[in-house]
2 protein chains.
Amino acid sequence: MPPRAQEDPTPAEWQVLSLVWKAGPLPTRQIIATLQEQTDWSTSTIKTLLRRLVDKGHLSTRAVGNSFVYSAKKSPQSALRRAGETLLGHANEATVAPLLAHLVKKSGLNRDELAELRELIDDLSQDAADEEGKS
Amino acid sequence: MPPRAQEDPTPAEWQVLSLVWKAGPLPTRQIIATLQEQTDWSTSTIKTLLRRLVDKGHLSTRAVGNSFVYSAKKSPQSALRRAGETLLGHANEATVAPLLAHLVKKSGLNRDELAELRELIDDLSQDAADEEGKS
DNA sequence: CCGTTCTGTCTACTTTTGTCGACGGGTGTC
DNA sequence: GACACCCGTCGACAAAAGTAGACAGAACGG
């Protein structure tokens, strides 16, 4: 399976990545401990995933004592955006809107975040109106 | 790689699936023709993808003449939602909002759709206010 | 010092996914 | 009827992803 934009993390890798994003730079020991609470992966498996993430450039390591501390190399945003765009790419005119609605509902944004999002939408509506009025 | 919630389509499969969603029930011949305009997959490859999608329950077939007509078995919505939820799952408090904003921006919704989304957000804001006010 | 423990590296094995070519049965056409 | 075409099914094979055991050296407790 040749082309798999090798920068995209695989499902299992996402899980590791998310943890590092969420909990900041972490030593191997801790990553393993935390992940083993959520999954039933063996120690080896996690180490392999970690190694592959480093290989793919998602994580970077810093030696501390006899072990490594992993930190995200790229911003979570960029990876999430990429993945998000891929998702949008799968939708079409008829399905985009419902999809967005679903995501917003499920996202659990708080009041402030919702307000901000609404502002964004207002701006976009304005643009859309200009666009559509023009043509 | 044992457990891959076998219902989730793989990248290559998504492409086939999207086509069927977009263009409604289609005969093999057409699917192949269309996909070969977008990719450089061989006929065999596409047939295999089609077969696997049927196996996984994403598409259903109906024999028409000496060939098959494929149609989506599940609504595009459900597959998109699943994928969307997976994506949300990768984000966290700090990254969800920016992600959503990005998606809305990229989604290219038109005026009406934006208006509808805005209404949804207003509703949610109301709920959030209740929630937060209560506790 | 010496065995125990922890850590990272290697190697390896199984499923999936990505891609196809080879076949075998219909159909249509001179 | 003989031959060229479509079509679907099989079988295959390489690369990627998932999962994990084995091993070597550093660090640690006694």
Side-chain angles (χ1 to χ4, degrees), chain A residues 1-20 25-36 38-71 79 83 86 90, chain B residues 1-20 25-36 38-71 79 83 86 90:
Chain A
M1 112 193 167
R4 159 71 126 184
Q6 119 261 43
E7 22 182 339
D8 282 335
T10 68
E13 288 167 356
W14 268 106
Q15 200 155 344
V16 181
L17 213 42
S18 307
L19 172 62
V20 178
L26 290 172
T28 315
R29 191 171 351 98
Q30 236 178 20
I31 295 180
I32 291 179
T34 308
L35 284 176
Q36 288 191 326
Q38 312 169 10
T39 69
D40 55 353
W41 292 338
S42 82
T43 303
S44 272
T45 300
I46 300 174
K47 287 187 203 169
T48 300
L49 258 359
L50 246 10
R51 176 163 41 80
R52 288 182 183 167
L53 281 168
V54 172
D55 286 350
K56 290 191 182 176
H58 292 294
L59 295 180
S60 64
T61 53
R62 187 163 40 97
V64 169
N66 67 329
S67 123
F68 284 142
V69 168
Y70 292 83
S71 26
T86 299
H90 296 324
Chain B
M1 105 196 173
R4 157 72 122 187
Q6 120 261 41
E7 21 182 340
D8 283 333
T10 69
E13 288 168 357
W14 269 106
Q15 199 155 345
V16 180
L17 212 42
S18 306
L19 173 61
V20 178
L26 290 173
T28 314
R29 191 173 350 101
Q30 247 191 2
I31 294 180
I32 291 178
T34 308
L35 284 176
Q36 289 192 324
Q38 311 168 12
T39 68
D40 54 355
W41 292 338
S42 82
T43 303
S44 272
T45 300
I46 299 174
K47 286 188 203 169
T48 300
L49 258 358
L50 246 8
R51 175 163 40 82
R52 289 182 183 165
L53 281 168
V54 171
D55 286 349
K56 290 191 184 176
H58 291 293
L59 294 180
S60 63
T61 53
R62 188 164 38 99
V64 169
N66 66 328
S67 122
F68 283 144
V69 167
Y70 292 83
S71 25
T86 299
H90 296 325

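Note that this is a predicted model, so its numbers are computed, not measured. Below, read A as the first sequence line, B as the second, and so on, with proteins coming before strands; counting in each chain starts at 1.
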Rounded to the nearest Å, what distance is computed from the CG atom of residue L53(A) to the P atom of nucleotide dT19(D)?
-> 14 Å
Sorted by chain and number, sequence neighbours left out, side chain to side chain contact (heavy atoms under 4.5 Å, CB included) with R51(A) holds for T48(A), D55(A)
Contact class for R29(A) vs. all strands (heavy atom < 4.0 Å): base, sugar-phosphate, or nothing?
-> sugar-phosphate
Whole-Å gap separating P (dA17(D)) and CH2 (W41(A)) = 14 Å
With sequence neighbours left out, the residues meeting ring pair (Phe, Tyr, Trp, His ring centres under 6.0 Å) with W14(A) are W21(A), H90(B)
Nucleotide of dG8(D), dG8(C), dG18(C) approaching T10(B) most closely (side-chain heavy atoms) = dG18(C)
Distance in angstrom units between D40(A) CG and dT19(D) C1', rounded = 10 Å
Distance check: side-chain N/O of S67(B) vs OP1/OP2 of dG8(D), anything under 4.0 Å?
-> yes
Among residues 44-51 of chain A, which residues get a heavy atom nearer than 4.0 Å to DNA chain C?
-> K47(A), R51(A)
Go through the structure and list residues passing side chain to side chain donor-acceptor pair (under 3.5 Å) with T86(B), not counting sequence neighbours.
-> none
With sequence neighbours excluded, what pairs up with T34(A) under the side chain to side chain donor-acceptor pair (under 3.5 Å) test?
-> none
Integer-rounded Å distance: dT19(D) C1' and Q15(A) CD | 14 Å
Grab the CZ-C1' distance between F68(B) and dC6(D) for me, whole Å please.
-> 14 Å
Testing dC20(C), dG18(D), dG18(C) for proximity to the side chain of A12(B), the answer is dG18(C)
Atom pair distance, as rounded to whole Å: CG in D8(A) and C1' in dA15(D) = 17 Å
Nearest-nucleotide comparison on DNA chain D, the residue closer to the 5′ end among R52(A) and N66(B) | N66(B)
Between atom NE2 in H58(A) and atom C1' in dA17(D), what is the gap in whole Å?
-> 13 Å
Mind checking whether L59(B) and E13(B) have side chains closer than 4.5 Å, heavy atoms only?
-> no
Heavy-atom pair with the smallest gap, counting every atom of T43(B) and Q36(B) | N-NE2, 3.5 Å
What's the CD-C1' distance between Q36(B) and dC6(D), to the nearest Å?
-> 14 Å
What residues form a side chain to side chain donor-acceptor pair (under 3.5 Å) with T45(A), not counting sequence neighbours?
-> S42(A)
